[in-house]
Amino acid sequence: MKASVDKELCMGDRNCNILCPEVFKYDEDELMSVVLVDEISEKHKDLVVQAAEECPGGAISVEGA
Ligand code: SF4
């Protein structure tokens, strides 16, 4: 499974970072969250899907969930 953050839609509330800091990191320069890993590991999949569902901007996309 892969995840990505749409820069235009990220509102910077950092919910994804709090839920799964192993996958999402807040970029202080870009003022948005970025995905740290290419492939989401099995143990983080549920949290990444949850982060996508809860993302207020609808900015997180997941593929291959
Ligand atoms: S939860 Fe969504 S809006 Fe909030 S920081 Fe993460 S990607 Fe951005």
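Whatever order the structure lists ligands and atoms in, that order sets their numbers, starting from 1.
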Full working for side-chain hydrogen bond (donor to acceptor under 3.5 Å, both in side chains) between N17 and S33
CA-CA 8 Å; N17 312 159; S33 286; 3.0 Å; yes

Under 4.0 Å from ligand 1, counting heavy atoms only, is it the side chain of C16, its backbone, both or neither?
both

Give the residue, atom name and distance (to 0.1 Å) of the protein heavy atom nearest atom 3 (S) of ligand 1.
M11 N, 3.2 Å

Find all atoms of ligand 1 within a distance of less than 4.0 Å from any non-hydrogen atom belonging to R14, and give their numbers and elements.
4 (Fe), 5 (S)

In short, V5 meets C10 closest at the heavy-atom pair CG1-CB, 4.0 Å

Atoms in ligand 1 with a heavy atom of I60 nearer than 4.0 Å:
7 (S)

Just need the protein heavy atom nearest to atom 8 (Fe) of ligand 1, so name the residue and atom and give the distance.
C10 SG, 2.4 Å

Just which atoms of ligand 1 are under 4.0 Å from any heavy atom in C55?
1 (S), 2 (Fe), 3 (S), 7 (S)

Are any side-chain N or O atoms of E39 and backbone N or O atoms of K2, one a donor and one an acceptor, separated by less than 3.5 Å?
no

Using every non-hydrogen atom in the two residues, find where F24 and A51 come nearest and quote the distance to one decimal.
CE1-CB, 3.9 Å

Closer than 4.0 Å to some heavy atom of D13 - which atoms of ligand 1 meet that?
1 (S), 3 (S), 4 (Fe), 5 (S)

Flag yes if Y26 and V34 sit in one hydrophobic cluster, no otherwise; membership is Ile, Leu, Val, Met, Phe, Trp, Tyr, and two members link when side-chain heavy atoms are under 4.5 Å apart.
no

Minimum heavy-atom separation for V37 and E22, please, with both atom names.
CG1-O, 4.1 Å

